[in-house]
Amino acid sequence: AIGGPWNFPGGPAGWGEVDDKESIRAIHAALDAGADFFDTAANYGAGHSERLLGEALAGRRDQAVIATKFGYDVDEEAKEVTHYGGEEETADVAGHLRQDCEASLKRLNTDFIDVYQLHVSGFDIEKSEEVGQVLEELVAEGKIRTYGWSTDRVDAVQSFAEGPNCGVVQQELNVFLGNLELLRLCEDLNLGSLNRAPLGMGILTGKFTPRTRFASNDVRAVPDMWFDGFADGGINPEWLARLESVREILTSNGRTLAQGSLAWIWGASPLTVPIPGFKSVAQVQENAGAMAFGPLTAGQMNEIDDILGRERVLS
């Protein structure tokens, strides 16, 4: 979210206007609160998020695990991000991977990336083998430590995870959404499950209402938004109703809704790492405060599944 406005084919992709000084203060607040995993991407703000993280971690690099992503043509000046060659599935990712890595290293002001992730969700599985080969070379050279794929496709992850140094998957996961088959695969293969949209892009914090509307440069206002928590430039009312139905459980023991939503993710698997976004120190402090409570209990996890009328997350 701290990347600010940027554009992707089809419209705005950022989260609206940001305050860079507040973003840096928030990163420092996260470190001070005991959070040490920071997930970003070359795309976010067309490089701006990486630059801010690099600036904020100056002198504190050893306190942080940096995860970032690659696979797109990033124009920092124009704030535009596009597919290499124009097509998601067949983009020339491998051919640009080394220059992508060097660009991220420079923006992040570091000489290695802890977790490097293929960001092109719908990329061709066969072509990903060539990407994996380059990533293995980058591990051997010390440029990166481990790698993974940001996708919810089980077959893609099964193939990519054959690489000896593939260590993570980034998947969509929150109280209402997530591919549980992929989460179980992470457990079978001992892959870290990094969880995007853990707070439902803000909905699970409880701060939005049926009257909420987003600015035109906010991805949550895009009519064909890929995330079904949003509709008609605002919030999907079904999400608000579901949130009310499980509010009491999520806010148990004095948690806020955001903290309860993070607790649900920790309760789903010992391999999950939620990556909640932020724009302010206050948001970081609330998110980090979830660590004091730990995961929801198995009973609470099952109760939520029963209320929502779905298959239980815990077998």
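Computed from a predicted structure; not experimentally measured. Both backbone and side-chain heavy atoms feed into the values below; hydrogens, waters and symmetry mates do not.
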- [ ] Check whether any side-chain N or O of E286 sits under 3.5 Å from a backbone N or O of Q283 as a donor-acceptor pair, and report yes or no.
- [x] no
Open item on the list: Heavy-atom count check: over 12 atoms from other residues, nucleotides or ligands less than 6.0 Å from E248 CD?
Closed with: no
TODO: Start with the C-alpha distance between W266 and L296, add both sets of side-chain angles, then the distance that settles side chain to side chain contact (heavy atoms under 4.5 Å, CB included), and finish with yes or no.
DONE: CA-CA 7 Å; W266 290 323; L296 294 183; over 6 Å; no
Open item on the list: Checking W239 now: which residues fulfil ring pair (Phe, Tyr, Trp, His ring centres under 6.0 Å) with it, not counting sequence neighbours?
Closed with: F176, F227
Open item on the list: Can a donor-acceptor pair be found, under 3.5 Å and without considering hydrogens, that links the side chain of N174 to the backbone of A197?
Closed with: yes
Task: Test: R247 and E244 ion pair at under 4.0 Å - done: yes
Open item on the list: Does E238 have more than 12 heavy atoms from other residues, nucleotides or ligands lying within 6.0 Å of its CD?
Closed with: no
Open item on the list: Does D19 form a side chain to side chain contact (heavy atoms under 4.5 Å, CB included) with I2? I'd like the steps, not just the answer.
Closed with: CA-CA 8 Å; D19 178 342; I2 66 172; over 6 Å; no
TODO: Could you tell me whether D114 and R61 have a side-chain N and a carboxylate O separated by less than 4.0 Å?
DONE: yes
TODO: Taking only Lys NZ, Arg NE, NH1 and NH2, and the carboxylate oxygens of Asp or Glu, determine whether R310 and D305 approach each other closer than 4.0 Å.
DONE: yes
Open item on the list: Pair T68, Y116 - check side chain to side chain contact (heavy atoms under 4.5 Å, CB included), show working.
Closed with: CA-CA 5 Å; T68 193; Y116 205 35; 3.7 Å; yes
Open item on the list: For L52 versus S23, what's the shortest heavy-atom pair and its separation?
Closed with: CD1-CB, 4.1 Å
- [ ] Give a yes or no on whether a salt bridge exists between E89 and K127, defined as a side-chain N under 4.0 angstrom from a carboxylate O.
- [x] no
Task: salt_bridge(E137, K143) N-O dist < 4.0 Å - done: no
Task: Between F278 and F38, ring centroids under 6.0 Å - done: no
TODO: Please determine if R60 and D32 form a salt bridge, counting it only when a charged side-chain N lies under 4.0 Å from a carboxylate O.
DONE: yes
- [ ] Could you tell me how the ring of H119 sits relative to the ring of Y44: parallel (under 30°), tilted (30 to 60°) or perpendicular (over 60°)?
- [x] perpendicular
Task: N/O donor-acceptor pair under 3.5 Å between T146 side chain and V115 backbone - done: no
Table please: side-chain donor-acceptor pairs of residues 163-170 below 3.5 Å, with sequence neighbours left out.
residue: N165; atom: ND2; partner: E136; partner atom: OE1; Å: 2.7
residue: Q170; atom: NE2; partner: D39; partner atom: OD1; Å: 3.1
residue: Q170; atom: NE2; partner: Q117; partner atom: OE1; Å: 2.7

Task: side chain to side chain donor-acceptor pair (under 3.5 Å) involving S121 - partner list, sequence neighbours excluded - done: T151
Open item on the list: In the structure I gave you, are the side-chain heavy atoms of D75 and V81 within less than 4.5 Å of one another anywhere?
Closed with: no
Task: Minimal non-hydrogen separation, L204 against V175, with atom names - done: CD1-N, 4.2 Å
Open item on the list: Test side chain to side chain contact (heavy atoms under 4.5 Å, CB included) on S245 and L308; report intermediate values, then the result.
Closed with: CA-CA 8 Å; S245 73; L308 297 177; 3.9 Å; yes
Open item on the list: Please determine whether the number of non-hydrogen atoms from other residues, nucleotides or ligands lying under 6.0 Å from atom CD of E141 exceeds 12.
Closed with: yes
- [ ] Please work out which of the three classes, parallel, tilted or perpendicular, describes the rings of H83 and Y72, given edges at 30° and 60°.
- [x] tilted
